[in-house]
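Take a look at the structure below.
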Amino acid sequence: MPMNSATDLPFLPFARPDIGPAEIDAVSAAMRSGWVTTGPKTKEFEQAFTAFLGGGGLQSIAVNSATAGLHLALEALGIGPGDEVIAPTLTFTATVEVVRYLGADPVLVDVDPVTLNIDPAKVRAAITPRTKAIMPVHYGGLACDMDAILAIAKEHHLKVVEDAAHALPTTWRGTLVGQLQSDVTVFSFYANKTITTGEGGMAVAHDPALAQRMRTMRLHGMSRDAFDRFTSKTPAWYYEVVAPGFKYNMTDVAAAMGVEQLARLPQFVQRRQDLATRYHDQLAPLPLTLPADAPHSDTHAWHLYVIRLRADAPLGRDEVIQALSDRGIGTSVHYVPLHRHPYWRDRYQLTPEMFPQADAAYQAMISIPLFTAMGDSDQDRVIAALHEVLG
């Protein structure tokens, strides 16, 4: 582990996966089984994920990334050239790059200044005759105002695909994200998420036909997957390609890790909540805007803990990041808004003035370390450093 010369303490990263003996043993067993691509462990993971979300006809489709899941969702919903999909500017580019994969156009809108989630009023104002879908992003693990978004979608006959990369297990008014009345919800299992498979994701849907289309398209558009063909007791080599699909399937090696991580999710969430609560208490005296907690006694997944410097802070955002780095503490920024990236900016003639809330948040925000393997002494370092720098 790298040491920080200024403190003689190990460098504290912004995030680190929490992988234990159970995950390592499960991955080893998957490799010894001979099934290293999509097979029985992937099916087990899908079934366990559906059960975790409460079942009720929900179907889970394991994929090799949340980006793949979002692409499959929009494709299955028939999004194509000439269509528009509304999404927030304060997100990772994956949310909207999948819109361009299909020849459609993302329409970026501003966020709520408190939650940093997509602003329903801005969604409503952005609807045109070309609008076909809304893609809310549950920023940092806090649910969007899904009542408002689903009402707008129903009124205008729009599809809803939730980017829930941050939102396992987030709730909205007591219902888990994934069980709301959107068309598809997509979760991420990237290395820094609440559970990880290294790379991977899960798309969930209530409509069996929609789920089946995503299953077919995740593996080359074939009518039968490899697991069905290669485990058949009778010759079953024949399949048909019914569409020009993709290569988006999850491997059993990844799924084996996912099964064990999912079993640990309740303790992961509790630890993240404890860390967030301690940050709330200890950072309150500083010139910071702290992240909003979940209303209505709901669950915040606390994938991120994003602080924002107030106008009376003695240092700017970049100076604080450098000061923390000098003290051996890693940070990040979530996100450079899409309207500031050259591709999106230039293609759609976007300016910061069009997104005042997201742009102001970006210039003040820092994501500080929060991960389940983080000890109390690690968090003490972060808190002490912020008091030293900003106090």
Side-chain angles (χ1 to χ4, degrees), residues 49-50 52-54 56-63 65-77 79 85-99 104 106-109 111-112 115-120 122-123 126 131-154 156 158-190 193-195 200-207 210-211 213-214 294 296 298-301 303-304 335:
F49 199 83
T50 296
F52 178 85
L53 292 179
L58 196 71
Q59 298 197 38
S60 299
I61 303 97
V63 288
S65 70
T67 308
L70 292 170
H71 187 196
L72 290 172
L74 292 181
E75 194 280 338
L77 290 168
I79 304 300
V85 177
I86 298 172
T89 186
L90 191 62
T91 187
F92 186 57
T93 190
T95 304
V96 294
E97 72 188 21
V98 297
V99 179
V107 175
L108 300 179
V109 300
V111 298
D112 177 271
T115 66
L116 302 184
N117 278 323
I118 194 168
D119 184 339
K122 301 298 185 183
V123 172
T131 307
K132 294 297 187 294
I134 307 169
M135 293 181 71
V137 177
H138 302 294
Y139 180 84
L142 177 64
C144 297
D145 184 345
M146 291 306 297
D147 288 354
I149 291 167
L150 290 169
I152 292 168
K154 183 177 181 180
H156 293 273
L158 304 176
K159 304 299 184 180
V160 177
V161 175
E162 295 175 67
D163 182 336
H166 300 181
L168 182 69
T170 295
T171 63
W172 172 254
R173 297 191 180 274
T175 299
L176 277 167
V177 167
Q179 280 284 15
L180 300 170
Q181 295 306 304
S182 54
D183 294 278
V184 184
T185 305
V186 181
F187 298 90
S188 173
F189 308 135
Y190 185 64
K193 298 303 193 294
T194 47
I195 69 170
M202 192 78 76
V204 300
H206 294 278
D207 182 349
L210 202 56
R213 176 67 178 185
M214 288 189 284
H296 319 302
D298 272 318
T299 299
H300 191 315
H303 164 56
L304 300 174
Y335 294 94

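- Shortest non-hydrogen contact noted between Leu53 and Gly178 is CD1-CA, 4.3 Å.
- Across all their heavy atoms, Leu70 and Thr95 have their closest contact at CD1-CA, 4.1 Å.
- In terms of the side chain to side chain donor-acceptor pair (under 3.5 Å) criterion, residue partners of Asp298 (sequence neighbours excluded) are, by chain and number, Thr171.
- Taking CG of Leu77 as the reference point, atom CG of Leu158 lies at 11.5 Å (rounded to 0.5 Å).
- Between Pro88 and Leu108, the shortest heavy-atom distance links the atoms O-CD2, 3.9 Å.
- Residues passing the ring pair (Phe, Tyr, Trp, His ring centres under 6.0 Å) test with Tyr139: none are found, sequence neighbours excluded.
- Listed by chain and number, the residues in a side chain to side chain donor-acceptor pair (under 3.5 Å) with Glu75 are Arg213 (sequence neighbours excluded).
- Residues meeting the side chain to side chain contact (heavy atoms under 4.5 Å, CB included) test with Ala68, sequence neighbours left out: Val63, Asn64, Ser65, Tyr248.
- Applying the side chain to side chain contact (heavy atoms under 4.5 Å, CB included) criterion to Thr50, with sequence neighbours excluded, gives Leu58, Ser60.
- Atom-to-atom distance recorded for Asn117:CG and Leu142:CG is 5.0 Å, nearest 0.5 angstrom.
- Counting all heavy atoms, side chain and backbone alike, Ala294 lies closest to Thr299 at CB-C, 4.2 Å.
- Taking His300 as the reference, nothing meets the side chain to side chain donor-acceptor pair (under 3.5 Å) condition, with sequence neighbours excluded.
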Verify side-chain contact (heavy atoms from CB on, under 4.5 Å) between Met202 and Leu168, making sure each step is shown before the conclusion. CA-CA 11 Å; Met202 192 78 76; Leu168 182 69; over 6 Å; no

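- Residues passing the side chain to side chain contact (heavy atoms under 4.5 Å, CB included) test with Ala151: none are found, sequence neighbours excluded.
- Partner of Val98 under the side-chain contact (heavy atoms from CB on, under 4.5 Å) criterion, out of Val161, Thr67, Ile79, Thr93: Thr67 alone.
- Shortest non-hydrogen contact noted between Ala164 and Val177 is CB-CG1, 3.8 Å.
- Under the rule for a side chain to side chain donor-acceptor pair (under 3.5 Å), the partners of Thr185 that lie at least two apart in sequence or sit in another chain are Glu162, Ser182.
- Closest approach of Ala203 and Met214 over heavy atoms only: CB-SD, 4.1 Å.
- In this structure, the separation between CE on Met146 and NE2 on His138 is 5.0 Å, given to the nearest 0.5 Å.
- Taking CD1 of Ile149 as the reference point, atom CH2 of Trp172 lies at 8.5 Å (rounded to 0.5 Å).
- Interatomic distance, Ile61 CD1 to Leu72 CG, rounded to the nearest 0.5 Å: 8.5 Å.
- To the nearest 0.5 Å, atom OG1 of residue Thr170 and atom NE2 of residue His303 are 10.5 Å apart.
- Residues satisfying the salt bridge (Lys or Arg N to Asp or Glu O under 4.0 Å) test with Asp147, not counting sequence neighbours, are Arg173.
- Val99 places a side-chain heavy atom less than 4.5 Å from the side chain of Met135.
- Screening Asp119, Ile134, Ile118 for a side-chain contact (heavy atoms from CB on, under 4.5 Å) with Val109, the sole residue that qualifies is Ile118.
- By the salt bridge (Lys or Arg N to Asp or Glu O under 4.0 Å) test, Lys159 pairs with no residue at all, sequence neighbours left out.
- Remark: Phe92 engages Ala94, Tyr335 in a side chain to side chain contact (heavy atoms under 4.5 Å, CB included) (not counting sequence neighbours).
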